Amino acid sequence: MSELPAGVEAVIGLEVHAELLTRSKIFCSCSAAFGGPANTNVCPVCLGMPGVLPVLNRRVVEFAIRAGLATQCAIAPRSRYARKNYFYPDLPKGYQISMYELPLCTGGHLGVLVDGEVKRIGLTRIHMEEDTGKNIHDAHGDASLVDFNRSGVPLLEIVSEPDMRSVAEAGAYLRTLRSILQYLEICDGNMEEGSFRCDANVSVRPAGSTALGTKVEIKNMNSFRSVEKAIAYEARRQAEAIRHGDRLVQETRLWDAEREETRPMRSKEYAHDYRYFPEPDLLPLVVDPAWVDEIRGTLPELPGPRRERFARDYQLSTYDADVLTQRKDVADYFEAGLAAGAPPKEMANWVMTELLRIVRDEKLDHQLVIRDWPVTPTQLARLVQLVARGAVNRNTAKGLIPRLRGTGRDPEELVAAEGLAQVSDRSALDAAVADVIARHPAQVAEFRSGKERVIGFLVGQVMKSTGGKANPHLVQEPPRAALAR
Ligand SMILES: [Zn+2]
């Protein structure tokens, strides 16, 4: 981390809460959908009424096993739910059903790409738990409301080992983890809507030391950017405190995005002792190894292996292969284009520059799966082929994307119908050149008197007179040759 003084290193562990995309909640049949009018997706179970009993949603366990297998965790044949006790208005039962000493998944790892190198980050555990409701503080400050729609929505808690040493590694870990959950189609990864949340444990120590310094937990970060800024700020603050000989206290701090600093949580805001004990309303969770094998058989090719395959089989740079495989739908789109005959390098180039620009501008990637692509993979593949064989120039091709959108038309047919084919025909070019020379005697005279730069103007005029359709590689020479005569 460049912001830290020389000789000091940061030690970072991340704890992610990922909301699972099941239709119903973890212990009742209420809808787990995001949003909706307040307190409409609720029942006595998720409102924590006395006397009700939780019934486990099998799908939640399946999704947790998917996540565990995709991150090389061991799946415990026997695990157990536990009660985490604390008081807060968004937690109607006074406890959260979570897992504690016997989690479902343990001991995995992720391969994270940082500066072109893959670094392995260990995973301590993955377990299931229920989400809480949401407090809504009235704008006037005289009332606090609670929406219980989120109460009982299934969560995965994914805890990393303190294996990260820089902001870049922490950012890459988070993006990789999100990408894997999205590939598995178990979490939409939307940080702004809170379906992918992250707390960070940060400490600093002399570089090369193996002892751990005093750890601070940071909460309240709701974007990748704020996680990165908060970790950088906190590591600097701790290094500074040590330099001044101040004692650091183990505490929880909140990230203040507005002031860009962390500040201590008031002690009332967190409990010191959750008094965990085994959840008496649920049996221990016994997972049949045959079921685990069955789930293993349904896992898709994951982003890391897919990136390596793209780089190897299509001769792409690691960077390009990474950009193309971060999202499964983008990687699928790219490969569909290749299946339609596009050369890999050109297809990669068009997807990365033109297509992903439109996708980002229109926020199409805010959905888990992009449905409204600007053009189909086959249309883009045809367009790429037209450019590759010189039938249209790149600019004309770019301009065709919005006109092809939603039409299903073949780009070649559109080019023919509208006379957009690139002018590569020598005699047509020569005629355009002769015309430009005839119409600009002053510039021609300047060129002949030695002003080389005027050639740029004349070439531009030739491009203009062909409606931008001239082959840019062919248009450079003719004016020069004509003037030399
Ligand atoms: Zn319910």
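Just so it is clear, the model here is predicted, and its values are computed rather than measured.
- Judged by distance alone, the side chains of N135 and S144 never bring a donor and an acceptor atom under 3.5 Å apart.
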Before giving the answer on side-chain contact (heavy atoms from CB on, under 4.5 Å), spell out for M352 and Y319 the whole-Å C-alpha distance, their side-chain angles and the decisive distance to 0.1 Å.
-> CA-CA 11 Å; M352 289 170 60; Y319 175 84; 4.1 Å; yes

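- Looking at heavy atoms from C-beta onward, Y183 lies in side-chain contact with T325 at the 4.5 angstrom threshold.
- Comment: E346 does not engage R394 in a salt bridge, judged by the lack of any side-chain N to carboxylate O separation of less than 4.0 angstrom.
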Worked check of salt bridge (charged side-chain N to carboxylate O under 4.0 Å, His left out) between R307 and D320 | CA-CA 9 Å; R307 177 186 69 231; D320 289 0; over 6 Å; no

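- Put simply, the side chain of M128 reaches to within 4.5 Å of the side chain of V61, judged on heavy atoms.
- Pairing each heavy atom of A67 with each of L156, the nearest pair is CB-CD1, 3.6 Å.
- For E117, the CD atom is loosely surrounded, since the number of other residues' heavy atoms within 6.0 Å does not exceed 12.
- Remark: the backbone N or O of S179 is not paired with any side-chain donor or acceptor of Q326 at under 3.5 angstrom.
- For Y314 and F334, the gap between ring centers is short of 6.0 Å.
- Within the 4.5 Å cutoff, no side-chain heavy atoms of L383 are placed close to those of V375.
- Nearest heavy-atom pair, N41 versus S31, reported as atom, atom and distance to 0.1 Å: CB-O, 3.6 Å.
- Counting heavy atoms of neighbouring residues, nucleotides and ligands inside a 6.0 Å radius, atom CG of D293 exceeds 12 of them.
- Put simply, the side chain of E193 never gets that close to the backbone of N190: no donor and acceptor are under 3.5 Å apart.
- With contacts defined as side-chain heavy-atom distances shorter than 4.5 Å, the pair Q367/D329 does not qualify.
- By the 4.0 Å N-to-carboxylate-O rule, E217 lies close enough to K219 to be salt-bridged with it.
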Carefully, step by step, assess E412 and R389 under the rule salt bridge (charged side-chain N to carboxylate O under 4.0 Å, His left out).
-> CA-CA 12 Å; E412 188 160 12; R389 64 165 206 260; 2.8 Å; yes

Test log, rule side-chain contact (heavy atoms from CB on, under 4.5 Å), inputs L324 and L316 = CA-CA 10 Å; L324 290 171; L316 302 176; 3.7 Å; yes

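- Taking the ring centre of W291 as origin, the terminal cationic atom of R58 falls inside the region bounded by 6.0 Å and 45° from the ring axis.
- Atom CG of L155 and atom CZ of R150 lie 8.0 Å apart (nearest 0.5 Å).
- Screening R120, K119, R175 for a salt bridge (charged side-chain N to carboxylate O under 4.0 Å, His left out) involving E169 leaves a single residue, K119.
- Rounding to the nearest 0.5 angstrom, the gap separating the CD1 atom in I401 from the CG atom in L355 is 6.5 Å.
- Atom CZ of R439 sits in a crowded spot, with more than 12 heavy atoms from other residues, nucleotides or ligands closer than 6.0 Å.
- Atom CG of L302 sits about 6.0 Å away from atom CD1 of I180, to the nearest 0.5 Å.
- Between the side chain of R178 and the backbone N or O of G189, at least one donor-acceptor pair lies under 3.5 Å.
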Could you go step by step and tell me if M164 and I121 meet the side-chain contact (heavy atoms from CB on, under 4.5 Å) rule?
-> CA-CA 7 Å; M164 288 154 273; I121 309 291; 3.6 Å; yes

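- For the pair W350/V387, a side-chain contact is recorded, criterion being any heavy-atom separation below 4.5 Å from C-beta on.
- A heavy-atom distance below 4.5 Å is found between the side chains of L104 and V287.
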Check against salt bridge (charged side-chain N to carboxylate O under 4.0 Å, His left out), E19 and R197 | CA-CA 9 Å; E19 269 182 8; R197 319 197 274 269; 3.7 Å; yes

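- The backbone N or O of V146 lies less than 3.5 Å from a partner atom in the side chain of N39, making a donor-acceptor pair.
- Between the side chain of N149 and the main chain of T40, a donor-acceptor pair closer than 3.5 Å is present.
- T262 and E234 share a side-chain donor-acceptor pair at under 3.5 Å.
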Does the salt bridge (charged side-chain N to carboxylate O under 4.0 Å, His left out) test come out yes or no for E301 and R309, once each step is laid out?
-> CA-CA 10 Å; E301 183 185 24; R309 179 170 65 81; 2.9 Å; yes

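- When side chains are defined from C-beta on, E130 counts as touching Q96, because their heavy atoms get closer than 4.5 Å.
- With hydrogens and angles disregarded, a donor-acceptor distance shorter than 3.5 Å links the side chain of Q385 to the backbone of G341.
- In this structure, L14 and Y173 have side chains that are in contact, with non-hydrogen atoms separated by less than 4.5 Å.
- To the nearest 0.5 Å, atom CG of residue L177 and atom OG1 of residue T71 are 8.0 Å apart.
- Taking both residues in full, the closest heavy atoms of P300 and K328 are given as CB-CE, 4.1 Å, listed atom of the first, atom of the second, then distance.
- Counting heavy-atom neighbours within 6.0 Å of R259 CZ, excluding the residue itself, gives a total of 12 or less.
- Atom-to-atom distance recorded for S195:OG and L21:CG is 7.5 Å, nearest 0.5 angstrom.
- Side-chain N/O atoms of E129 and S98 include a donor and acceptor closer than 3.5 Å.
- Closest approach of S79 to M99, counting heavy atoms only: OG-CE, 3.3 Å.
- Taking 4.0 Å as the cut-off between side-chain N and carboxylate O, R312 and E308 do not count as a salt-bridged pair.
- Heavy-atom minimum distance, A172 versus V112: CB-CG1, 3.2 Å.
- Closest heavy-atom contact between V60 and P154: CG2-CB, 3.6 Å.
- Between the side chains of S24 and R59, no donor-acceptor pair of N or O atoms lies under 3.5 Å.
- A side-chain N or O of S226 and one of S223 form a donor-acceptor pair less than 3.5 Å apart.
- Residues in residues 354-366 take part in these side-chain hydrogen bond (donor to acceptor under 3.5 Å, both in side chains) pairs, two or more places apart or across chains: E354-R357, E362-R405.
- Here K134 does not pair with D90 in a salt bridge; the nearest charged N to carboxylate O distance is not below 4.0 Å.
- The backbone N or O of D188 lies less than 3.5 Å from a partner atom in the side chain of Q182, making a donor-acceptor pair.
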Show the numbers, then the answer: is there a side-chain contact (heavy atoms from CB on, under 4.5 Å) between L56 and L285?
-> CA-CA 10 Å; L56 178 61; L285 178 64; 3.8 Å; yes

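- Rounding to the nearest 0.5 angstrom, the gap separating the CZ atom in R306 from the CG atom in D313 is 11.5 Å.
- With ring centers used as reference points, F196 lies 6.0 Å or more from H17.
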